[in-house]
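In what follows, chains are A, B, ... by sequence order, proteins preceding strands, each numbered from 1. Excluded from the calculations below are hydrogen atoms, water molecules and symmetry mates; all remaining heavy atoms, backbone and side chain alike, are included. Model, not experiment: these values are computed from the prediction.
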There are 2 protein chains.
Amino acid sequence: MSIDPGSYTPIYRQLADLLRVRIEAGEFAPGESLPSETRIAQEYEVGRDTVRDALAALRNEGAIITVKGAGSQVRPQHDVAVVRVDGRARVAARMPSSAEKRQLKLTDGTPVLVVHREGRDEEVHPADRTQLDVGD
Amino acid sequence: MSIDPGSYTPIYRQLADLLRVRIEAGEFAPGESLPSETRIAQEYEVGRDTVRDALAALRNEGAIITVKGAGSQVRPQHDVAVVRVDGRARVAARMPSSAEKRQLKLTDGTPVLVVHREGRDEEVHPADRTQLDVGD
DNA sequence: GCCCATTTGTCCGTATGTATA
DNA sequence: TTATACATACGGACAAATGGG
């Protein structure tokens, strides 16, 4: 499979799909680095900006993380903290505000879980390392 | 408040902050269009690319939605469907796969809620129009 | 239905700054 | 210190979608 410049699907999206397949196939282990943007641009014969668009898409869907100066890697799996939610509650999810993102040290593509309970403050949990245990 | 090109905070981020403030102040109602990228670029005297970076940040945090050919608008609030979750369950949140994004017609910056229950199929709900009612 | 102006999307280029190793 | 890699910011050009007339 390769890139078709004549396709109606944008190149950066085709490239993101190709990289996603390689990631899911296990070609890059979690925590392992992908090739550099320049390298990928050479391999697929596209501009670096196009590569960056593809990597941005993968970041925003939580597939990879990127560290300035160091490169991109498959998103490492965190240990999951199971948070018990007693009693009746409302649970929602959303993207963090920029303040929450800083405070909780959230990477791009990481939502938060929000727990509302009667008479209590709202709880906000990072979704990349939290599961809720609810009910009963 | 204005943009300081000499700041250590990137221009596109300063611009995103400025626009976020204007949105939160109610200058643009939900569903109401923001000025065009070109217009914003002129107003703040920055390149269109910088404006696009700022708008992308706002999209990915769920603050706005953008429609090709039509512009960006403050994210309209959906009616929330409350989904009752009976019994014990595990609840998580993550960004949708590209397939889920298409199927559920999710806009950028919209996570999904995932409900795991013993002996049942996993349930996936769009977080921009779903809340879970859990417990008891 | 069609045309047209507007607007966003895609893709490329260059240059410079900053973080990492 | 040096080299590599990503981040930011500007520019231009054309494609594609929208909406109004």
Side-chain angles (χ1 to χ4, degrees), chain A residues 2-19 28 31-60 63-76 98 101-102 105 107-109, chain B residues 2-19 28 31-60 63-76 98 101-102 105 107-109:
Chain A
S2 181
I3 288 181
D4 170 19
S7 166
Y8 287 109
T9 304
I11 297 178
Y12 83 91
R13 202 174 293 278
Q14 294 183 50
L15 178 54
D17 292 341
L18 290 172
L19 293 174
F28 313 106
E32 186 180 343
S33 286
L34 273 60
S36 75
E37 296 178 351
T38 310
R39 187 85 188 80
I40 295 175
Q42 290 168 344
E43 278 186 28
Y44 291 92
E45 297 181 311
V46 296
R48 185 184 159 215
D49 195 57
T50 301
V51 176
R52 285 182 59 74
D53 285 345
L55 293 180
L58 294 175
R59 262 199 307 281
N60 289 325
I64 64 171
I65 65 173
T66 301
V67 180
K68 181 171 171 177
S72 295
Q73 57 183 241
V74 178
R75 175 184 285 260
S98 54
K101 197 171 161 187
R102 274 196 309 278
K105 297 184 191 306
T107 53
D108 289 336
Chain B
S2 182
I3 288 181
D4 170 20
S7 166
Y8 288 110
T9 304
I11 296 177
Y12 83 92
R13 203 174 291 279
Q14 293 182 52
L15 178 54
D17 291 342
L18 289 172
L19 293 174
F28 312 106
E32 188 180 343
S33 287
L34 274 60
S36 74
E37 296 177 351
T38 311
R39 187 88 189 77
I40 295 175
Q42 289 168 346
E43 278 185 28
Y44 290 93
E45 298 181 311
V46 297
R48 185 185 160 214
D49 196 57
T50 302
V51 176
R52 286 182 59 74
D53 284 347
L55 293 180
L58 295 175
R59 262 199 307 280
N60 290 325
I64 65 172
I65 64 173
T66 301
V67 180
K68 179 171 172 176
S72 295
Q73 59 183 243
V74 179
R75 175 183 286 259
S98 53
K101 197 171 162 187
R102 272 196 310 278
K105 297 184 191 305
T107 53
D108 290 335

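Taking the side chain to side chain contact (heavy atoms under 4.5 Å, CB included) definition, one finds that B:A56 meets it with B:R59, sequence neighbours left out. Contacts of A:A63 classified as side chain to side chain contact (heavy atoms under 4.5 Å, CB included), with partners at least two apart in sequence or in another chain: A:L58, A:E61. In this view, B:R39 satisfies the salt bridge (charged side-chain N to carboxylate O under 4.0 Å, His left out) rule with no residue, not counting sequence neighbours. Contacts of B:D108 classified as side-chain hydrogen bond (donor to acceptor under 3.5 Å, both in side chains), with partners at least two apart in sequence or in another chain: B:K101. Evaluation of the side-chain hydrogen bond (donor to acceptor under 3.5 Å, both in side chains) rule for B:T38 yields no partner, not counting sequence neighbours. The side-chain hydrogen bond (donor to acceptor under 3.5 Å, both in side chains) check on A:E37 picks up A:R48, A:R52, with sequence neighbours excluded. In this structure B:R13 satisfies the side chain to side chain contact (heavy atoms under 4.5 Å, CB included) test together with B:T9, B:P10, sequence neighbours excluded. For A:E45, the side chain to side chain contact (heavy atoms under 4.5 Å, CB included) test picks out no residue, with sequence neighbours left out.
Atom CD1 of A:I3 and atom CD1 of A:I11 lie 6.5 Å apart (nearest 0.5 Å). One distance of note links CG of B:L18 with OH of B:Y44; it measures 5.0 Å at 0.5 Å rounding.
A:A54 and A:A16 make their closest contact through CB-N, 3.8 Å (heavy atoms, listed as atom of the first residue, atom of the second, distance).
As a whole-Å value, the separation of B:R52 CZ from D:dT8 C1' is 15 Å. Between A:D53 atom CG and D:dA7 atom P there is a gap of 12 Å when expressed in whole angstrom units. Remark: P of D:dA9 and OH of B:Y44 are 15 Å apart, rounded to the nearest angstrom. At whole-Å resolution of the value, OH in B:Y12 and P in D:dC6 are 16 Å apart. Look at CZ on A:R13: it is 10 Å from P on C:dG9, rounded to the nearest Å. One can place CD of B:Q73 at 15 Å from P of C:dT7, the figure rounded to the nearest angstrom. A straight line from CG of B:D4 to P of D:dT8 spans 16 Å, rounded to a whole angstrom. C:dT10 atom P lies 13 Å from atom CG of B:D49, rounded to whole Å.
Direction change of the helix axis from one end of the helix from C:dC2-D:dG21 to C:dA21-D:dT2 to the other is 30°, with five pairs defining each end axis (rounded to 10°).
When side chains are defined from C-beta on, A:S72 does not count as touching A:F28, because their heavy atoms never get closer than 4.5 Å.
Checked against D:dA9, C:dC12, C:dG9, the side chain of B:I11 finds its nearest nucleotide in D:dA9.
A:I64 pairs in a side chain to side chain contact (heavy atoms under 4.5 Å, CB included) with only one of the listed residues (A:L55, A:L19, A:T107), which is A:L55.
The stretch residues 35-42 of chain B does not touch DNA chain D, since none of its heavy atoms comes less than 4.0 Å from the strand.
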Query raised in the report: What string of B, S and - do you get for nucleotides 13-21 of chain D, 5' to 3', when a contact is any protein heavy atom under 4.0 Å?
Result: ---BBB---
Strictly under 3.5 Å: I want the nitrogen or oxygen pairs between protein and nucleotides 2-5 of chain C, one per line.
none

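Distance alone, capped at 3.5 Å, is enough to place a donor-acceptor pair between the B:Q14 side chain and the B:D4 backbone.
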